[in-house]
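The first residue in the sequence is number 1, and the count goes up from there.
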Amino acid sequence: MLSAAELAIVALSLQIALLATVICLPFAIATAWLLARKKFYGKPLLNIVVHLPLVLPPVVTGYALLILFGKQGPIGGMLETFLGITFAFRWTGAALAAGIMGFPLMVRAIRLGIEAVDKGLEDAAATLGASRSAVFLHVTLPLVTPALLAGTVLGFAKAMGEFGATITFVASIPGQTETLPSAIYTLLQVPGGEDAALRLILLSVAVSILALAVSEVLARRAARKVAGL
């Protein structure tokens, strides 16, 4: 059985992962559409920036977040002064770090889905008088639903498992920023903490399997609907 402290860690991890995924999803869709459908100056640079967290050491990403969003940082300082929002060493900062680390995976999956859509279908809808937004909402988006679900699950899984950037940016403060990965790491450093670490590891595996299973079911249903269009 999980203790109250362990349940709190799980709840906080889910809260952080869900918030990171929900907030990043609209931006991931917009970015994927830009990269898949538009030609513009600076597109290669945008592509590099989006995928940079995948190739950088997570600690580097976390340090960059600390510099930018810390209380003395150019962005973090303004947010705290004018809006009273603080990210560094807060659970909201953990969500920010997790979202940034999962964002490239979401964008890549959704972009591949958009690129697979026959552009002729979009052009046909446009010639019938549909606006650009209507074409995207009623033609493109339904057709990329499986890719959208795949990207969402990938982003959520990455957010749940994020460690390096998160611990660098917000540390591992019990009850505030201690997530499943950081709690497992801490327990493995403490004599006698192996049993508790194993429980959290098994729970992490169970959550990941459940997320993948739900995603597979939803993706199959979406694919059947798309095939019936």
* Ignoring hydrogens and angles, tell me if any N or O in the side chain of E162 forms a donor-acceptor pair with the backbone of A165 under 3.5 Å. => yes
* Is the number of heavy atoms from other residues, nucleotides or ligands within 6.0 Å of NZ (K71) greater than 12? -> no
* Asked: Does S182 use its side chain to pair, donor to acceptor, with the backbone of E178 at less than 3.5 Å?
  -> no
* Just how far is it from atom CD1 of I16 to atom OG1 of T166, taken to the nearest 0.5 Å? -> 7.0 Å
* Asked: Less than 6.0 Å separating the ring centroids of F27 and F103?
  -> no
* Do other residues, nucleotides or ligands put more than 12 heavy atoms under 6.0 Å from Q189 CD? -> yes
* Asked: Are L154 and L148 connected in a single hydrophobic cluster, I mean Ile/Leu/Val/Met/Phe/Trp/Tyr linked by side-chain heavy atoms less than 4.5 Å apart?
  -> no
* Over all heavy atoms of both residues, which pair between I110 and A28 is shortest? Give the atoms and the distance, please. => CD1-CB, 4.2 Å
* Asked: Does the side chain of V170 reach to within under 4.5 Å of the side chain of R90, using non-hydrogen atoms?
  -> no
* **G151 to M106 - nearest heavy-atom pair and separation** => O-CG, 3.1 Å
* Q15 (side chain) donor-acceptor with A17 (main chain) under 3.5 angstrom -> no
* Structure fact -> CG of L143 to CD1 of I114, rounded to nearest 0.5 Å, is 10.5 Å
* **Ion pair check, D123 and K119, cut-off under 4.0 Å** => yes
* Verify, without hydrogens or angle tests, whether T21 (side chain) and G99 (backbone) share a donor-acceptor contact under 3.5 angstrom. => no
* Asked: Could you give the distance from CG (L14) to CZ (F156), rounded to the nearest 0.5 Å?
  -> 5.5 Å
* Asked: Between S13 (side chain) and M160 (backbone), is there a donor-acceptor pair under 3.5 Å?
  -> no
* R37 bridged to E115 by N-O distance under 4.0 Å -> no
* Can you find a pair of side-chain heavy atoms, one from F40 and one from L34, that are under 4.5 Å apart? -> yes
* Step by step, work out the side chain to side chain contact (heavy atoms under 4.5 Å, CB included) result for K43 and L35. => CA-CA 7 Å; K43 181 177 177 179; L35 293 174; 4.0 Å; yes
* Asked: Does the pair Q176 and F89 meet the rule for a side chain to side chain contact (heavy atoms under 4.5 Å, CB included), with working shown?
  -> CA-CA 8 Å; Q176 297 184 46; F89 306 107; over 6 Å; no
* So if you build clusters from Ile, Leu, Val, Met, Phe, Trp, Tyr with side-chain heavy-atom gaps below 4.5 Å, do L65 and Y63 land together? -> no
* Structure fact -> Tightest non-hydrogen contact, residues V144 and V117, listed as CG1-CG2, 3.5 Å
* Please tell me if the side chains of V10 and S204 come closer than 4.5 Å, counting only heavy atoms from C-beta onward. => no
* To do: Could you tell me whether the side chain of T86 reaches within less than 4.5 Å of the side chain of T92, counting heavy atoms only?
  => no
* May I ask you to test the L105-L54 pair for a side-chain heavy-atom distance under 4.5 Å? => yes
* Counting N and O atoms only, with roles assigned by atom type, does the side chain of T145 sit under 3.5 Å from a partner on the main chain of P142, one being a donor and the other an acceptor? -> yes
* Hydrophobic cluster membership, I173 vs L12, 4.5 Å side-chain cutoff -> no
* Asked: Do any N or O atoms from the side chain of S172 and from the backbone of I167 form a donor-acceptor pair under 3.5 angstrom?
  -> no
* V207/L210 under side chain to side chain contact (heavy atoms under 4.5 Å, CB included): CA gap, chis, key distance, verdict -> CA-CA 5 Å; V207 170; L210 178 61; 5.7 Å; no
* **Value rounded to 0.5 Å, distance of OG1 in T179 from CH2 in W91** => 13.0 Å
* Find out if a path of hydrophobic residues (ILVMFWY) with successive side-chain heavy-atom gaps under 4.5 Å connects L19 to M101. => no
* Asked: When rounded to the nearest 0.5 angstrom, what distance separates CD in E80 from CZ in F87?
  -> 11.5 Å
* **side chain to side chain contact (heavy atoms under 4.5 Å, CB included) between T140 and E122, worked out** => CA-CA 7 Å; T140 308; E122 297 173 327; 2.4 Å; yes
* To do: Indicate the atoms forming the closest heavy-atom contact of A147 with G113, along with that distance.
  => CB-CA, 3.6 Å
* To do: Output the distance between atom OH (Y41) and atom CG (L46), rounded to the nearest 0.5 Å.
  => 13.5 Å
* Between the side chain of H138 and the main-chain N/O of A134, is any donor-acceptor distance below 3.5 Å? -> no
* Determine whether L52 and I100 fall in the same hydrophobic cluster, where Ile, Leu, Val, Met, Phe, Trp and Tyr are linked whenever their side-chain heavy atoms lie under 4.5 Å apart. => no
* Heavy-atom pair with the smallest gap, counting every atom of A171 and T177 -> O-OG1, 3.3 Å
* Mind telling me whether F163 and Y185 have parallel, tilted or perpendicular rings, with 30° and 60° as the class edges? => tilted
